[in-house]
Number of protein chains: 2
Amino acid sequence: MAEDVFKALADPTRRRILDELVERDGQTLFEICARLATKHGLGLTRQAIGQHLVVLESAGLVRSRRQGRYKFHDLNTEPLELIVTRWLRPDAPEGTP
Amino acid sequence: MAEDVFKALADPTRRRILDELVERDGQTLFEICARLATKHGLGLTRQAIGQHLVVLESAGLVRSRRQGRYKFHDLNTEPLELIVTRWLRPDAPEGTP
DNA sequence: ACAATAGGAAAGTGACGACTTACCTATCAA
DNA sequence: TTGATAGGTAAGTCGTCACTTTCCTATTGT
């Protein structure tokens, strides 16, 4: 849903996470925590980042694959292209007949 | 800057307002109120819509021009294009998982 | 087995945001 | 001027969201 995508993008920490995944795909939760702390100075707990990842995954912006005790997260830009065409292309076939 | 744009897009009512302005540019506050009420069944007060327009204008998504006692609102899609290119990798192949 | 590691799932708190109510200013028509 | 229209602003309420704390499950290494 578009609602979930926009709400997911509303938080600056979640946007930072997307930035991290653009730079290097397939990171684990602990890796994301470490990089956010060192590169951006974000002093958030692991649980907080984990909750953000849940939101991003529910919005379809992040896909995760489990491998043993590791869970790797990949960026999925597909929902982004959908929300853009809503206002950038006025003559696109809209869902409102 | 980008923060304001994402926060502005986070609210469904504000996205509806953008939809309305895509369909017909240069509407006044009362026109937007009427169309949101009739077409989308939104029972919001004029003040609420006015506050949303302030948010949209602060984000640069809406430009307004005053003319007498009327204030016309125009859509500005420029901030949208900026936020899209942030995560959409330009040289990524189409079917990359 | 045991402990360390990677992750998940609660409840609780504090702050921010959306909305209403009420009141106020400015412009136009009679 | 008077009254109607178009818009602006402030206080207050209520819900939502981000975050922490605490505790729990699952996998791996020794």
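Note on naming: letters A, B, ... go to the chains in the order of the sequence lines (proteins, then strands), and numbering restarts at 1 for each one.
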If you check every side-chain atom of A:Phe30, which of C:dA6, D:dG7, C:dA18 has the closest atom?
C:dA6
Between CG of B:Leu42 and C1' of C:dT20 the distance, given in whole Å, is 15 Å
What integer distance in Å separates A:Phe6:CZ from C:dG17:C1'?
18 Å
Give the nucleotide from the list D:dC19, C:dG7, D:dG7 with an atom nearest to the side chain of A:Leu44.
D:dC19
Pairwise distance CZ(A:Arg35) to CD1(A:Ile17) - rounded to 0.5 angstrom
12.5 Å
Would you say A:Lys71 reaches D:dA26's phosphate, i.e. side-chain N/O to OP1/OP2 under 4.0 Å?
no
How close do A:Leu21 and A:Asp74 get, heavy atom to heavy atom, and via which atoms?
CD1-C, 4.4 Å
Residue pair B:Arg66/A:Arg66 against DNA chain C: nearer the 5' end by closest nucleotide is A:Arg66
Going by an N to O cut-off under 4.0 Å, is there a salt bridge joining A:Glu23 and A:Lys39?
yes
Round to the nearest Å and state the distance from A:Leu53 atom CG to C:dG7 atom C1'.
11 Å
Check nucleotides 21-23 of chain D for protein N or O atoms closer than 3.5 Å to its own N or O atoms and list the pairs.
{"from": "D:dT22", "atom 1": "O4", "to": "A:Gln47", "atom 2": "NE2", "distance (Å)": "2.7"}

Decide whether A:Leu56 and A:Leu42 are clustered together by the hydrophobic rule: side chain heavy atoms of Ile, Leu, Val, Met, Phe, Trp, Tyr closer than 4.5 Å, transitively.
yes
So if I take every side-chain heavy atom of B:Arg69 and compare against C:dA18, C:dT27, C:dT20, which nucleotide ends up nearest?
C:dT27
Does atom CZ of B:Arg63 have more than 12 heavy-atom neighbours from other groups under 6.0 Å away?
no
Report the distance from atom NE2 of B:His73 to atom CD1 of B:Ile32, rounding to the nearest 0.5 Å.
5.5 Å
Looking at every strand, decide which applies to A:Gly50 at a 4.0 Å heavy-atom threshold: base, sugar-phosphate, or nothing.
nothing
Output the rounded distance in Å from NZ (A:Lys7) to C1' (D:dT16).
7 Å
Rounded to the nearest angstrom, tell me the gap between atom CD1 in B:Ile17 and atom P in C:dA18.
11 Å
Could you tell me whether B:Glu3 and B:Lys7 have a side-chain N and a carboxylate O separated by less than 4.0 Å?
yes
B:Tyr70 atom OH is separated from D:dG8 atom P, nearest whole Å, by 14 Å
